Participant: 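So that we are looking at the same thing, I have put the structure below in structure tokens.
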There are 2 protein chains.
Amino acid sequence: MPVPLYQAKAEFFRTLGHPVRIRVLELLQEGPRPVHELLADIGVEASNLSQQLAVLRRTGLVVSHREGNVVRYELSAPQVGDLLRAARTILTSMLVDQGELLAELREAEREGQR
Amino acid sequence: MPVPLYQAKAEFFRTLGHPVRIRVLELLQEGPRPVHELLADIGVEASNLSQQLAVLRRTGLVVSHREGNVVRYELSAPQVGDLLRAARTILTSMLVDQGELLAELREAEREGQR
DNA sequence: TATGAACATGAAAAATTCTTCAAATCAAGA
DNA sequence: TCTTGATTTGAAGAATTTTTCATGTTCATA
């Protein structure tokens with residue numbers, strides 16, 4: 001009973017769909033990091049971060065290993081960077097469009113006020 | 001009060017994180033399509049599809065226009081294709097890894113049984 | 001203008017996901 | 001061994017998202 005591909009994709013995107021998880025992935029693009037460092041950069045409760053890390057671990061996007069007192073995380077799929085970049089491209093172009101729309105709306109409003 | 005970028009990204013990915021929405025986007029990559037055609041390809045209730053289309057419209061990923069009796073949808077950001085492709089790459093490589101893992105587990109099990 | 005097909009919408013119930021809190025684990029050092 | 005810092009875990013309640021159903025719209029055509 002293989003999970004249909006489109007469902008696997010949906011699950012994959014859904015795991016990217018959380019602000020803390022996105023920040024973690026972006027930080028990890030620069031290289032492996034211990035939890036306490038992530039914790040310092042992203043300002044959330046330790047247990048909350050831990051829960052999100054668990055989500056990323058389950059999907060296999062990151063792996064962790066303990067080094068003494070500290071647990072270090074890293075991306076397991078380096079291509080994640082490409083994905084985030086592609087997303088950024090779309091997103092900025094969409095935000096630009098929205099910005100233009102917004103500008104037009106404001107313009108229209110000014111016109112109306114005369 | 002601009003929405004922090006990482007939050008915008010998370011929202012963006014979350015809208016991709018639904019099987020019906022993914023299928024819609026993939027179908028629309030091949031070109032514009034009327035709702036009833038999407039409906040035939042994806043087998044869900046009409047109102048359900050409609051709700052998901054509404055989500056995609058709100059995020060600005062698709063646009064629709066009525067042509068007589070029919071409403072035609074299309075991708076508003078053609079780069080969505082790139083994104084889906086990047087995702088597919090990661091996903092398949094991850095699935096392959098999992099497949100290997102699975103194979104090892106089965107192997108280990110066989111070993112154990114001897 | 002009455003009817004029907006194609007879609008959309010609003011709202012409530014059902015299902016998932018998030019956040020938070022208390023408690024547990026693990027390794028290092030006193 | 002006791003303590004402490006680092007991190008994880010389980011569970012419960014809060015918040016969001018999905019699904020579903022009934023009802024609207026819109027346009028074409030009889």
Side-chain angles (χ1 to χ4, degrees), chain A residues 3-4 6-25 27-28 31-76, chain B residues 3-4 6-25 27-28 31-76:
Chain A
V3 179
Y6 55 84
Q7 182 160 342
K9 284 182 198 167
E11 278 169 26
F12 174 72
F13 282 123
R14 210 168 23 215
T15 84
L16 298 182
H18 187 288
V20 170
R21 296 196 293 261
I22 284 283
R23 297 188 77 180
V24 168
L25 293 177
L27 289 169
L28 293 185
R33 274 165 198 262
V35 175
H36 70 266
E37 215 174 304
L38 296 173
L39 203 49
D41 284 339
I42 313 171
V44 295
E45 281 195 22
S47 69
N48 193 338
L49 177 59
S50 214
Q51 298 275 5
Q52 305 311 330
L53 288 174
V55 173
L56 292 173
R57 249 184 292 128
R58 268 177 241 133
T59 9
L61 276 166
V62 306
V63 296
S64 66
H65 31 274
R66 179 165 222 124
E67 284 173 21
N69 209 9
V70 153
V71 178
R72 190 175 304 274
Y73 276 81
E74 66 184 295
L75 290 188
S76 59
Chain B
V3 178
Y6 55 83
Q7 183 159 342
K9 284 182 196 166
E11 277 168 27
F12 175 71
F13 282 123
R14 205 161 31 197
T15 85
L16 298 183
H18 186 288
V20 169
R21 296 195 292 260
I22 283 284
R23 297 188 76 182
V24 168
L25 293 177
L27 289 169
L28 292 186
R33 274 166 198 262
V35 175
H36 69 267
E37 216 172 303
L38 297 173
L39 202 49
D41 284 339
I42 313 171
V44 296
E45 281 195 23
S47 68
N48 193 336
L49 177 58
S50 214
Q51 299 275 6
Q52 306 310 330
L53 289 174
V55 173
L56 292 173
R57 248 184 293 128
R58 267 177 241 134
T59 17
L61 276 166
V62 306
V63 296
S64 66
H65 29 273
R66 181 166 221 123
E67 285 173 19
N69 209 8
V70 154
V71 178
R72 191 175 303 275
Y73 276 79
E74 66 184 295
L75 291 187
S76 59

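Chain A is the first sequence line, chain B the second, and so forth, proteins listed ahead of strands; every chain is numbered from 1. Keep in mind it's a predicted model, so treat the numbers as computed, not measured.
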Participant: Rounded to the nearest Å, what distance is computed from the CZ atom of residue A/Arg57 to the P atom of nucleotide D/dT7?
Facilitator: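 Rounded to the whole Å, the gap is 12 Å.
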
Participant: Please round to the nearest 0.5 Å and tell me the distance separating atom CZ of A/Arg57 and atom OG of A/Ser50.
Facilitator: 6.5 Å

Participant: Within the pair A/Tyr73 and D/dA6, is there a side-chain N or O less than 4.0 Å away from OP1 or OP2?
Facilitator: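 Result: no.
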
Participant: Indicate, with a heavy-atom threshold strictly under 4.0 Å, whether A/Arg72 touches base, sugar-phosphate, or nothing.
Facilitator: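 Touches nothing.
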
Participant: Without decimals, in angstroms, what is the distance between A/His18 NE2 and D/dT17 P?
Facilitator: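 Going from NE2 in A/His18 over to P in D/dT17 covers 11 Å.
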
Participant: Please tell me which of the listed nucleotides, D/dC27, D/dT8, D/dT20, lies nearest to the side chain of B/Asn48?
Facilitator: D/dT20

Participant: In whole angstrom, what separates B/Glu67's CD from D/dT26's C1'?
Facilitator: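 Whole-Å distance recorded here is 15 Å.
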
Participant: Under 4.0 Å from a heavy atom of chain A: give me the 5'-most and 3'-most nucleotides of DNA chain C that qualify.
Facilitator: C/dT17 to C/dA28

Participant: In whole angstrom, what separates A/Glu45's CD from D/dG10's C1'?
Facilitator: 15 Å

Participant: Taking A/Ser76 for its side chain and A/Gly60 for its backbone only, find out whether a donor-acceptor pair lies under 3.5 Å.
Facilitator: yes

Participant: A side-chain contact here means heavy atoms from C-beta on lying under 4.5 Å apart; do A/Leu28 and A/Arg33 qualify?
Facilitator: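 Counting from C-beta outward, A/Leu28 and A/Arg33 do come under 4.5 Å.
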
Participant: Rounded to whole Å, how long is the line connecting atom NE2 of B/His65 with atom P of D/dT26?
Facilitator: 19 Å

Participant: Atom CZ of A/Arg14 and atom C1' of D/dT18: how far apart are they, to the nearest Å?
Facilitator: 10 Å

Participant: Among A/Asn48, A/Val71, A/Leu38, find the residue that satisfies the side-chain contact (heavy atoms from CB on, under 4.5 Å) test when tested with A/Leu53.
Facilitator: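 Testing each of A/Asn48, A/Val71, A/Leu38 against A/Leu53, the sole residue satisfying side-chain contact (heavy atoms from CB on, under 4.5 Å) is A/Leu38.
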
Participant: Is the backbone N or O of B/Thr15 less than 3.5 Å from a side-chain atom of B/Arg21, with the two atoms forming a donor-acceptor pair by type?
Facilitator: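 At least one qualifying donor-acceptor pair exists.
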
Participant: Any non-hydrogen side-chain atom of B/Ile22 less than 4.5 Å from a side-chain atom of A/Lys9?
Facilitator: yes

Participant: Using the side-chain heavy atoms of B/Gln52, tell me which of these nucleotides is nearest: D/dT18, D/dT20, D/dC27.
Facilitator: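 Within the option list, the nearest is D/dT18.
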
Participant: Please say which of B/Leu49, B/Leu75, B/Leu61, B/Asp41 ends up in a side-chain contact (heavy atoms from CB on, under 4.5 Å) with B/Val24.
Facilitator: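 The residue from B/Leu49, B/Leu75, B/Leu61, B/Asp41 that satisfies side-chain contact (heavy atoms from CB on, under 4.5 Å) with B/Val24 turns out to be B/Leu49.
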
Participant: Does any N or O donor sit under 3.5 Å from an N or O acceptor when you compare the side chain of B/Gln51 with the base of D/dT20?
Facilitator: yes

Participant: Tell me: CG of A/Asn69 to P of D/dT8, nearest whole Å?
Facilitator: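 It is 12 Å, rounded to the nearest whole Å.
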
Participant: I want to confirm an ordering. Mapping A/Val71 and B/Leu49 to their closest nucleotides on DNA chain D, which one lands closer to the 5' end?
Facilitator: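 Its nucleotide being nearer the 5' end, the pick is A/Val71.
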
